[in-house]
Enquirer: 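Have a look at this one.
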Amino acid sequence: MNLLEGLNEAQSDAVQTISGPVLILAGAGSGKTKTLTHRVAYLIANESIKPSEILAVTFTNKAAKEMRDRLGVLLGQNAHNRNFMPWMGTFHGICVRMLRIDGKAIGISSNFVIYDEDDRQGLVKQAMKQLSISDSEIKAKSASSVISSSKNEMVGPDEYEAVAQFPYQKNIAKIYKKYELLRKAAGALDFDDLLLEVVRLLKDNKEVRMKWQKQFKHILIDEYQDTNAAQYNIIKLLVNDKQNICVVGDDWQSIYSWRGADFTNILNFERDFKGAKVIKLEQNYRSTGNILDAASNVIAKNTQRTDKKLWTLAGAGSPVQVHELFDESEEANLVASRISSHVSIGARKFGDFAVLYRTNAQSYTLERAFIQLRIPYQIIGGVRFYDRKEIKDIIAYLRLVYQPQDRMSFSRIANVPVRGIGSTSLEKFFLWQSGSGLDIISALANLDQTNIITARAKQSMSDLGKKLKIVQSMLETASPKELIEKLLSLTGYLEYIADGTPQAEDREANIGSLLSDAQNFASLPDFLEEVALMSSADTSSDDQKVTLMTLHAAKGLEFPVVFIVGVEEGILPHARVYEAGLSELEEERRLAYVGMTRAREELHLTYVQSRMQFGQRAYNQVSRFIGDMGNQIIASAPTMKITKQEEEFFSDEPFSVGEFVRSASFGSGEVVEVDGLALTIKFDDGRTKKLNAEYARLEKI
DNA sequence: TCATTTAACGTTTTT
DNA sequence: CGTTAAATGA
């Protein structure tokens, strides 16, 4: 296969320039992923570089997976055969692998667990409790985010303390220190540590650094505009004297500065890597002319940006459509009914549509409208699968068995299912355990050494300890799936969640999918790593469903038809940036640009006269970005204010009390209670069931 | 110790 | 508005 076939001149240049630093400035829809994938394939097939000598860093796991799949096709190899695959993944994923191999050089045991946002916040709370700093003084959430951003800027607890001035900051410094102590004692690393510790590893150990520099003969970084200080340092430390580094990015699409990303990294690339070759990809293969022009006009208002001129061979296409509506439910109905009619005349399939919004909260109204019109949809983002309670419980059990120092996980499951171990008993247990020198599971087996815990709690604890011990003894031999199954049966977890509510079915189903997920992993650490680093945006998409997601989650994706809802002052741009300053406003503009450039053929923007926000009706003005778009847009007149009767027709609930329905499995019956999607139905055979309106396939009669 | 009620609280985006 | 944390009673 000719790996240069189908590439334009600039793309082909980017693929073939294999030695020395390369900066690819890739506009939206310019074939960035294609170029990157071909470059990797070219290195392997034409330059005889071993896959293991290539490091390719992507922004999400999904992007890594996609690249793997494409690479498999290009090279004629099975994408699942990792032997033919370079080191590929997110910064976090790559760092985990490096730390598992070499972490011991800086005192990190290979069985560390990874703490996510929630875990970190929980641990911050514990730290605050021990320091007797109340939550009203400092919110655990804000302390946690200060710690995170400090870490992203590579500011350790001591450095933070040194610059802390106000009492507030001094208290945070205390919390930061305590947090680090507790975290280390638990044998855990948080998200930010993964990066930070790799920097430390490579900085402090010349041998290790040389080893990795020698290993990675070619380094490729995607979405370079979204790298933060720690990631930047990792790159600098990994690049060897041959300087074969290729970065791809677009400063116009930098939307993560609030997470520490610094797009000056991409602007400074030529300074950091002397003699870099700069290649611009400016031909857009995605959108029609009108969409591209409107988006370019929006971004043109930004002052902090590079100059690029995107162009397309595609025709002008249909103009961008702007719709003004009465309120948010009408907005949702417009989106839903447009989609519905386009699909019913056979012009599109559901998977052709994406609805984008600024904040997750906006998805509620849309969901309701979609349920009413029976439109299949999927939400990307929102609550991650692995963030659901029942899943987190099981994961906590697994983590504890794997790393028996992990207090966070133990506190989570100590009384789940309920076994009479309350917060006081738990506190007493920790008090004794920390002095005993035993890990948690061993301590549970040696409770007779203490008498500060009541006999009843002691009994439950040692029972739990025995069960954990059993699973722990299976660690070496059993697969992740078998471990979960054992835990479920020992703890009676499934019985615990089966409480007869409609949600119980969902929970059960979730545990089912957890089991089938687990099946794909040979070892527990691999599985736990996947669970910790899998993001909500990584959910694979279903082309039979409309996709709903935030503008952030849409980065890197494309759809034939895109709706952006809530294009209003206060939402896009978000109200929060008004007081923040120009650079934040410019980031909102980039966010709008990212959203608009997801559209291939049709782009709709909506705004409303009034919207419920914070439980109150707000009257937002149309977003300034719409005014910036120029004349590529057509506006539709505001629809008539809906009448009372119609409002009732579009009631929030798909079903209401007193209606008669027929279910495939239970026959016909009467709706006696409606609680959101949870319906209580009295069936004709006398049984009363709680069902989920979304899944139960009910038919009105 | 646990379950139910009540109050407060907060919404930007996420690896 | 909807969710989660504290407060209360059993």
Side-chain angles (χ1 to χ4, degrees), chain A residues 57-64 89-96 114-118 120-121 125 134-136 139-142 145 148-149 151-152 190-195 223 226-228 230-231 254-261 328 356-365 368 380-384 386-387 389 414-427 454 456-457 460 499 529 532-538 549-555 566 570-578 580 584 587-588 590-592 594-595 611-618 652 675-676:
Chain A
V57 183
T58 57
F59 193 67
T60 61
N61 293 298
K62 193 178 171 186
T90 61
F91 270 106
H92 297 264
I94 301 283
C95 287
V96 170
I114 303 167
Y115 274 9
D116 67 14
E117 196 72 35
D118 283 353
R120 181 208 280 135
Q121 229 178 88
K125 266 189 190 149
S134 81
D135 199 67
S136 53
K139 293 268 169 293
K141 201 173 178 183
S142 52
S145 87
S148 172
S149 45
K151 286 188 174 184
N152 278 323
D190 65 28
F191 275 157
D192 309 311
D193 291 324
L194 297 175
L195 306 175
E223 308 283 10
D226 283 322
T227 48
N228 64 24
Q231 292 164 340
S254 164
I255 54 175
Y256 283 100
S257 72
W258 50 272
R259 206 170 77 192
E328 73 276 10
L356 312 181
Y357 35 81
R358 177 66 239 264
T359 66
N360 278 309
Q362 289 170 263
S363 70
Y364 279 107
T365 334
R368 282 204 290 253
I380 310 276
V383 187
R384 290 190 326 166
Y386 290 121
D387 280 343
K389 276 196 199 73
N415 204 27
V416 176
V418 181
R419 51 172 77 88
I421 304 174
S423 54
T424 33
S425 300
L426 193 62
E427 225 164 280
T454 63
R456 227 183 68 180
S460 318
D499 57 359
E529 176 192 327
L533 298 181
M534 173 67 78
S535 81
S536 50
D538 289 333
M549 64 189 147
T550 63
L551 288 160
H552 282 88
K555 193 168 85 160
I571 295 183
L572 182 67
H574 195 271
R576 214 163 150 131
V577 309
Y578 292 149
E584 280 77 7
E587 180 147 317
E588 296 290 307
R590 292 194 291 270
L591 194 52
V594 167
R611 157 186 318 273
M612 286 300 271
Q613 273 176 300
F614 260 99
Q616 275 186 325
R617 196 146 280 288
D652 283 356
D675 179 18

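Letters A, B, ... are given to chains in the order of the sequence lines, protein chains preceding strands, and every chain is numbered from 1.
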Enquirer: Please answer whether the main-chain N or O of A:Glu117 pairs with a side-chain N or O of A:Asp190 as donor and acceptor at a distance below 3.5 Å.
Expert: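 Side chain of A:Asp190 to backbone of A:Glu117: no pair is present.
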
Enquirer: Establish, with yes or no, whether the OP1 or OP2 oxygen of B:dT1 is under 4.0 angstrom from a side-chain nitrogen or oxygen of A:Thr424.
Expert: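 So the side chain of A:Thr424 is within the cut-off, an N or O lying under 4.0 Å from OP1 or OP2 of B:dT1.
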
Enquirer: Quick one about A:Ser257 and A:Glu587 (side-chain donor to acceptor, distance below 3.5 Å, no hydrogens or angles considered), yes or no?
Expert: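 The criterion, which ignores hydrogens and geometry beyond distance, is satisfied for A:Ser257 and A:Glu587.
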
Enquirer: Reckon A:Asn415 has a side-chain N or O less than 4.0 Å from the OP1 or OP2 of B:dC2?
Expert: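 For B:dC2, OP1/OP2 do have a side-chain N/O of A:Asn415 under 4.0 Å.
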
Enquirer: Using a cut-off of 4.0 Å on non-hydrogen atoms, how would the nucleic acid contact of A:Val577 be classed: base, sugar-phosphate, or nothing?
Expert: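 Nothing, no nucleic acid heavy atom in range.
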
Enquirer: Taking CG from A:Asn228 and C1' from B:dT14, how many angstroms apart are they, rounded to a whole number?
Expert: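 In whole Å, B:dT14 C1' lies 12 Å from A:Asn228 CG.
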
Enquirer: From the set B:dC2, B:dT14, B:dT15, return the single nucleotide nearest to any side-chain atom of A:Glu117.
Expert: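 Out of B:dC2, B:dT14, B:dT15, the nucleotide with an atom closest to A:Glu117's side chain is B:dT15.
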
Enquirer: Could you say whether A:His552 or A:Ser423 is positioned toward the 5' end of DNA chain B, judged by the nucleotide with the nearest heavy atom to each?
Expert: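 On the 5' side of the pair lies A:Ser423.
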
Enquirer: Answer with base, sugar-phosphate or nothing: what part of the nucleic acid does A:His574 contact at a heavy-atom distance below 4.0 Å?
Expert: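 The residue A:His574 makes sugar-phosphate contact but no base contact.
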
Enquirer: From B:dT14, B:dG10, B:dT11, pick the nucleotide closest to the side chain of A:Lys139?
Expert: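 Comparing B:dT14, B:dG10, B:dT11 against the side chain of A:Lys139, the answer is B:dG10.
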
Enquirer: At less than 4.0 Å, is any side-chain N or O atom of A:Asn360 found next to OP1 or OP2 of B:dT14? Yes or no.
Expert: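 True: A:Asn360 side-chain N/O within range (under 4.0 Å) of B:dT14 OP1/OP2.
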
Enquirer: For nucleotides 1-10 of chain C, read 5' to 3', which letter fits each nucleotide if B means a protein heavy atom sits under 4.0 Å from the base, S means only the sugar-phosphate is that close, and - means neither?
Expert: SSS-------

Enquirer: Looking at A:Asp226 and A:Arg259, is any side-chain nitrogen of the basic one under 4.0 Å from a carboxylate oxygen of the acidic one?
Expert: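 Judged by the 4.0 Å cut-off on N to carboxylate O distance, A:Arg259 and A:Asp226 do not form a salt bridge.
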
Enquirer: Would the A:Tyr256 and A:Phe59 ring centres measure less than 6.0 Å apart?
Expert: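 Yes, close enough.
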
Enquirer: How is A:Asp192 classified with respect to the nucleic acid when contacts are heavy atoms under 4.0 Å: base, sugar-phosphate, or nothing?
Expert: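 Here A:Asp192 touches no strand at all.
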
Enquirer: I'd like to know if A:Lys555 pairs up with A:Glu223 as an ion pair, taking the criterion as any Lys NZ or Arg NE/NH1/NH2 lying under 4.0 Å from an Asp or Glu carboxylate oxygen.
Expert: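 Counted as a salt bridge, because a side-chain N and a carboxylate O are separated by less than 4.0 Å.
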
Enquirer: Given atom CZ of A:Arg590 and atom P of B:dT13, what is their separation to the nearest angstrom?
Expert: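 Going from CZ in A:Arg590 over to P in B:dT13 covers 18 Å.
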
Enquirer: For A:Ser425, report the nucleic acid contact type (base, sugar-phosphate, nothing); a contact means any heavy atom under 4.0 Å.
Expert: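 Here A:Ser425 touches the backbone only, sparing every base.
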
Enquirer: Roughly how many Å is it from OH in A:Tyr256 to P in B:dT15, rounded to a whole number?
Expert: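 Nearest whole value for this atom pair: 6 Å.
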
Enquirer: Please report, rounded to the nearest Å, how far the C1' atom of B:dT14 is from the NZ atom of A:Lys555.
Expert: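 It works out to 11 Å between those atoms.
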
Enquirer: When we call it a touch if two heavy atoms are under 4.0 Å apart, what does A:Asp116 touch: a base, just sugar-phosphate, or nothing?
Expert: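 Contact class for A:Asp116: none.
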
Enquirer: With centres under 5.5 Å and planes under 30°, do A:Phe191 and B:dT15 count as stacked?
Expert: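 No, the aromatic ring of A:Phe191 does not stack with the base.
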
Enquirer: Please determine, by modelled atom types, if A:Thr359 and A:Gln362 share a side-chain donor-acceptor pair under 3.5 angstrom.
Expert: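 A pair is found: one side chain offers a donor N or O, the other an acceptor, under 3.5 Å apart.
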
Enquirer: Without swapping roles, check the side chain of A:Asn360 against the backbone of A:Thr550 for a donor-acceptor pair under 3.5 Å.
Expert: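 It does not hold such a pair.
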
Enquirer: Phosphate oxygens OP1/OP2 of B:dG10: is one of them under 4.0 Å from a side-chain N or O of A:Lys141?
Expert: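 No.
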
Enquirer: For A:Leu572 and B:dT11, what is the distance between atoms CG and C1' respectively, to the nearest whole Å?
Expert: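 Going from A:Leu572 (CG) to B:dT11 (C1'), I get 16 Å.
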
